Amino acid sequence: MTDKTETATLSSDATEVRAQKLKLLREKIGDVYPAHFHRTITNAELAEKYKDLESDIETTDVVTVAGRVYSSRNSGMFMDIHDAGGKIQIFSHKDVTPEAAREMLAMIDIGDIIGVTGTVRRTKRGELSINAQEITMLTKSLLPMPEKWNGIADVEIRYRKRHLDILSNEESKLRFQQRSKILSGIRRFMEDDGFMEVETPMLHSVYGGATAEPFKTHHNTLKLDMYLRIAPELFLKRTLVSGLTDKVFEINRNFRNEGVSTRHNPEFTMMECYWAYADYEDIMDLVERLFEKLALQVHGTTEFPFGDKQLSFKGPFKRVPMPDAVKEVTGIDFLAIKTDEEARAAAKAAGFEVEKDWTWGECLAFIFEEKVEGTLIQPSHVTHFPKDISPFAKEVPGEPRLVERFETYCNAWELGNAFSELNDPEEQRRRMVEQLEQAHARGEKDKQLDDEFLDAIDQGMPPAGGLGIGVDRLTMLLTNAPSIRDVILFPARKAKAD
RNA sequence: GAGAGCGUAGCUCAGCUGGUAGAGCAACUGACUUUUAAUCAGUAGGUCAUGGGUUCGAGCCCCAUCGCUCUCACCA
């Protein structure tokens with residue numbers, strides 16, 4: 001394959017060496033990136049099948065494995081190759097490996113993907129191995145692998161070149177495998193609970209269902225300004241009106257043109273569901289059952305660590321009305337306060353800076369966010385939100401300033417938001433018009449009234465409980481990830497100047 | 001959008017009050033035939049993010065720009 005005069009000409013620059021080896025390989029064996037190669041067993045299956053094989057025992061079982069070369073010892077006599085599920089040691093020795101296969105070793109670099117056919121054995125030192133009879137180059141890698149002990153630590157590279165992160169950091173690989181299982185776990189839970197998954201538009205000509213700045217785009221043929229959806233809520237409710245199903249859900253991306261942080265990405269995954277003939281208390285039960293199931297799936301138990309905290313997803317969760325929570329922490333009894341003026345005065349007296357036009361509900365919500373939110377470490381449902389900030393929720397009977405809404409908090413993060421959904425068409429229209437006026441007053445010129453939604457509500461939407469769950473944040477908690485970018489494969493980045 | 005911090009070899013990181021640019025891994029040349037963070041000897045690899053400035057002299061000090069991280073704001 002190659003003799004000393006050829007190898008002596010190799011440069012010491014890693015990428016140049018690989019390019020030269022690729023050229024030599026093409027001359028010698030032709031196709032360095034073959035289209036057809038079939039392994040007979042994966043590395044994980046191999047480990048399972050031969051877990052009882054004793055040390056220093058050689059079998060006559062011939063297998064074909066494949067994977068990326070992660071390390072090489074004794075001039076390639078021992079190589080570890082990894083596929084997505086595990087690793088296997090390749091043993092290439094003159095007693096067991098034909099000359100032609102051993103010549104290939106000089107052309108193999110760490111990072112290359114190879115296929116190996118040979119017999120299964122366990123070495124004296126107890127390492128399950130393949131005695132190589134045939135070695136096939138499947139993919140020559142042109143770039144060096146990241147450092148083998150520390151992997152990629154530079155967060156910029158970890159996010160921009162995610163393949164290097166996952167290639168070199170086992171923790172990162174496991175986390176994304178776990179995310180996939182969480183996603184399918186949510187889907188299975190919802191389906192088992194009788195919910196039907198639907199897909200509603202990502203491109204909206206009128207955006208709504210949440211208060212957020214949208215991404216704006218344009219459809220050329222329709223000559224129509226459009227928005228990437230900030231929430232699927234209004235379409236899912238229209239689905240509920242249709243009678244297609246009494247239990248509907250969607251798992252998909254929402255887009256919000258706002259700040260990025262360790263807990264915010266411009267596109268994020270939301271599970272949203274609507275359940276006819278149920279109310280927000282039924283939804284609380286549902287959230288608890290879902291969280292408990294996911295914790296069991298990921299950790300095998302409902303108790304698990306996050307950072308230096310210990311979380312428990314064992315239901316039932318603490319349930320506390322917002323006015324009670326605020327009273328407990330600050331002593332301010334909002335239920336005893338009658339007017340907006342009094343609310344602002346009470347807030348000011350307690351040391352909060354409030355805007356002149358704030359309502360009773362806005363003062364209550366503000367103090368909740370300032371003082372209570374940060375204390376909610378274990379999963380908790382905060383109920384009885386002010387109506388002023390909840391345009392889609394039904395009033396609490398006997399307390400028209402509050403609505404049947406709850407948010408689920410954990411680790412001081414908002415994870416879920418749910419209501420007994422408003423289905424009174426006149427009340428719904430009133431509240432949406434009010435929201436629209438407020439938006440226009442803030443300078444949001446693009447905000448429009450969603451007539452198609454209001455028309456559907458006029459048709460009659462069954463009473464229902466609805467819920468939105470932030471899947472990324474839930475995944476962060478379940479996989480002990482400090483940043484949302486650790487659970488999103490390709491998080492939003494600025495364009496690189498070079 | 002505001003504040004704080006960071007940017008040194010392909011990767012992980014040192015580099016003191018300003019005085020010749022360093023290590024480990026990876027790579028290359030050899031030795032070594034049962035290793036597993038293999039080992040041993042040697043070699044090569046740098047516009048110290050970029051552009052200005054101060055200084056006899058700048059990786060280090062100053063200014064600007066770019067990128068990243070964290071905190072805050074908007075928000076989930």
Side-chain angles (χ1 to χ4, degrees), chain A residues 4 7-18 20-21 55-56 69-80 87-97 102 105-106 109-111 121-129 131 141-161 164-165 167-169 209-214 230-231 253-272 369 373 407-409 413-417 442 468-474 476 482-485 491 493-498:
Chain A
K4 280 181 185 175
T7 49
T9 65
L10 289 175
S11 150
S12 62
D13 177 76
T15 56
E16 243 177 77
V17 168
R18 285 162 187 261
Q20 288 169 22
K21 284 182 183 171
S55 293
D56 208 19
V69 178
Y70 268 68
S71 74
S72 172
R73 298 174 290 280
N74 290 37
S75 310
M77 183 162 65
F78 298 93
M79 284 185 292
D80 292 336
K87 70 161 188 172
I88 182 72
Q89 177 169 266
I90 305 301
F91 182 64
S92 304
H93 187 273
K94 62 173 183 260
D95 293 346
V96 298
T97 307
R102 280 189 296 126
L105 296 179
D109 291 302
I110 290 173
R121 63 179 287 230
R122 196 177 289 281
T123 64
K124 268 184 200 155
R125 304 284 182 91
E127 189 74 26
L128 190 65
S129 307
N131 281 349
S141 170
L142 297 180
L143 296 172
M145 284 279 276
E147 207 261 356
K148 66 180 170 184
W149 300 335
N150 303 299
I152 297 283
D154 183 324
V155 287
E156 187 179 353
I157 299 176
R158 287 187 52 215
Y159 298 149
R160 267 186 209 283
K161 300 191 177 185
L164 292 181
D165 174 37
L167 223 43
S168 66
N169 298 327
T211 315
E213 185 70 25
I230 56 173
R253 232 66 66 78
N254 288 349
F255 305 86
R256 298 190 184 174
N257 203 344
E258 283 163 358
V260 295
S261 79
T262 48
R263 288 174 302 283
H264 301 85
N265 197 61
E267 51 181 304
F268 64 101
T269 300
M270 181 84 111
M271 194 287 285
E272 208 161 290
E369 282 163 24
E373 219 178 75
E407 287 191 347
T408 304
Y409 287 86
W413 305 341
E414 185 188 339
L415 287 183
N417 184 16
R442 283 196 303 271
I469 292 277
V471 172
D472 308 282
R473 288 183 182 175
L474 186 55
M476 288 170 70
S483 168
I484 198 168
R485 285 175 286 246
R493 303 273 85 190
K494 270 192 192 172
K496 196 86 168 162
D498 60 10

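Note that the structure is a prediction, hence the values are computed from the model and not measured. Every chain is numbered from 1, with letters handed out A, B, ... down the list of sequences.
With B:C74, B:U36, B:C72 as the choices, the nucleotide that has an atom nearest any side-chain atom of A:Arg263 turns out to be B:C72. The side chain of A:Asn74 has B:U34 as its nearest neighbour among B:U69, B:C74, B:U34. Comparing B:U36, B:A26, B:A38 by their closest approach to the side chain of A:Glu127 singles out B:U36. The side chain of A:Ile484 lies closest to B:A76 when the candidates are B:A76, B:G67, B:G10. Between B:C70, B:C68, B:U34, one nucleotide has an atom nearer to the side chain of A:Ser483 than all others, and that is B:C70. Among the nucleotides B:A38, B:U33, B:A27, the one closest to any side-chain atom of A:Val17 is B:A27. Considering only the side chain of A:Ser71, B:A38 comes nearest among B:A38, B:A27, B:A76. Among B:A27, B:U33, B:U34, the nucleotide with an atom closest to any side-chain atom of A:Phe91 is B:U34.
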> Could you spell out the base pairing of RNA chain B in dot-bracket, with Watson-Crick or G-U pairs whose two distances are under 3.5 Å, [ ] crossing and | to another strand?
Replying inline: (((((((..((((.....[..)))).(((((.......))))).....(((((..]....))))))))))))....
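Within the 4.0 angstrom heavy-atom criterion, only backbone atoms of the sugar-phosphate kind lie near A:Glu414; the bases stay farther away. If you check every strand for non-hydrogen atoms under 4.0 Å, A:Tyr159 touches sugar and phosphate atoms only. Across all strands shown, A:Ser129 has no heavy atoms under 4.0 Å from either base or sugar-phosphate atoms. Contacts of A:Asp56 with the nucleic acid, taken as non-hydrogen atoms under 4.0 Å apart, are absent. At a threshold of 4.0 angstrom between heavy atoms, the contacts of A:Gly259 include nucleobase atoms, whether or not backbone atoms are also involved. Using a 4.0 Å heavy-atom distance criterion, A:Arg18 is classed as making no nucleic acid contact. Heavy atoms of A:Arg485 sit under 4.0 angstrom from primed sugar atoms or phosphate atoms, though from no base atom.
Rounded to a whole angstrom, the distance from the C1' atom of B:A49 to that of B:C66 is 8 Å. Of the C1' atoms belonging to B:U39 and B:G45, the separation is 23 Å, rounded to the nearest Å. Using atom P as the reference point in both B:A31 and B:U20, the two lie 39 Å apart (nearest Å). To the nearest whole angstrom, the two P atoms, one in B:G18 and one in B:G57, are 15 Å apart. B:C74 sits 9 Å from B:G1 when the C1' atoms are compared, rounded to a whole Å. Here, B:G42 and B:G52 have their C1' atoms 43 Å apart, quoted to the whole Å. One P atom belongs to B:G5, the other to B:A44, and the distance between them is 40 Å to the nearest Å. Across the P atoms, B:C70 and B:U65 are found 22 Å apart, a figure rounded to whole Å.
For A:Arg485, the side-chain contact (heavy atoms from CB on, under 4.5 Å) partners at least two apart in sequence or on another chain are A:Tyr159, A:Thr262, A:Ser483, A:Pro491, A:Arg493. Applying the side chain to side chain donor-acceptor pair (under 3.5 Å) rule to A:Glu258 yields no partners; only residues at least two apart in sequence or on another chain are considered. Under the salt bridge (Lys or Arg N to Asp or Glu O under 4.0 Å) criterion, A:Glu127 pairs with A:Lys87, sequence neighbours left out. Shown here are the salt bridge (Lys or Arg N to Asp or Glu O under 4.0 Å) partners of A:Glu407, two or more places apart in sequence or in another chain: A:Arg405. The side chain to side chain donor-acceptor pair (under 3.5 Å) search around A:Ser129 returns A:Gln89, not counting sequence neighbours. With sequence neighbours left out, A:Asp165 forms a salt bridge (Lys or Arg N to Asp or Glu O under 4.0 Å) with A:Arg158, A:Arg162. Residues satisfying the ring-ring contact (aromatic ring centres under 6.0 Å, His included) criterion with A:Phe91, sequence neighbours excluded, are A:Phe78, A:His93. For A:Asn74, there are no side chain to side chain donor-acceptor pair (under 3.5 Å) partners two or more places apart in sequence or in a different chain. Residues passing the salt bridge (Lys or Arg N to Asp or Glu O under 4.0 Å) test with A:Arg263, sequence neighbours excluded: none.
Panel note: side chain A:Asn257, backbone A:Glu213; no donor-acceptor pair is recorded below 3.5 Å. Between the side chain of A:Arg121 and the backbone N or O of A:Asn131, no donor-acceptor pair lies under 3.5 Å.
Remark: A:Arg158 is not in phosphate contact with B:U69, judged by side-chain N or O atoms under 4.0 Å from OP1 or OP2. OP1 and OP2 of B:C40 both lie 4.0 Å or more from every side-chain N or O belonging to A:Arg73. Residue A:Arg473 has no polar side-chain atom (N or O) positioned under 4.0 Å from OP1 or OP2 of B:A76.
With hydrogens and angles ignored, no donor-acceptor pair under 3.5 angstrom links the side chain of A:Thr262 to the base of B:C70.
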>> Pair A:Trp413, A:Leu474 - check side-chain contact (heavy atoms from CB on, under 4.5 Å), show working.
In response: CA-CA 10 Å; A:Trp413 305 341; A:Leu474 186 55; over 6 Å; no
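A:Glu369 has its CD atom 14 Å from the P atom of B:C72, to the nearest Å. Atom P of nucleotide B:A26 and atom CE of A:Met79 are separated by 15 Å, given to the nearest angstrom. Between the CZ atom of A:Arg121 and the C1' atom of B:U34 there is a distance of 7 Å, given to the nearest Å.
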Please enumerate all protein N or O atoms sitting under 3.5 Å from an N or O of nucleotides 1-6 of chain B, with distances to 0.1 Å.
none

Interface polar pairs with nucleotides 11-15 of chain B, N/O, under 3.5 angstrom:
residue	atom	partner	partner atom	Å
B:C11	O2'	A:Glu147	N	3.1
B:C11	O2'	A:Gly151	O	3.4
B:U12	OP1	A:Ala153	N	3.0
B:U12	OP1	A:Asp154	N	2.9
B:U12	O2'	A:Asn150	ND2	2.9

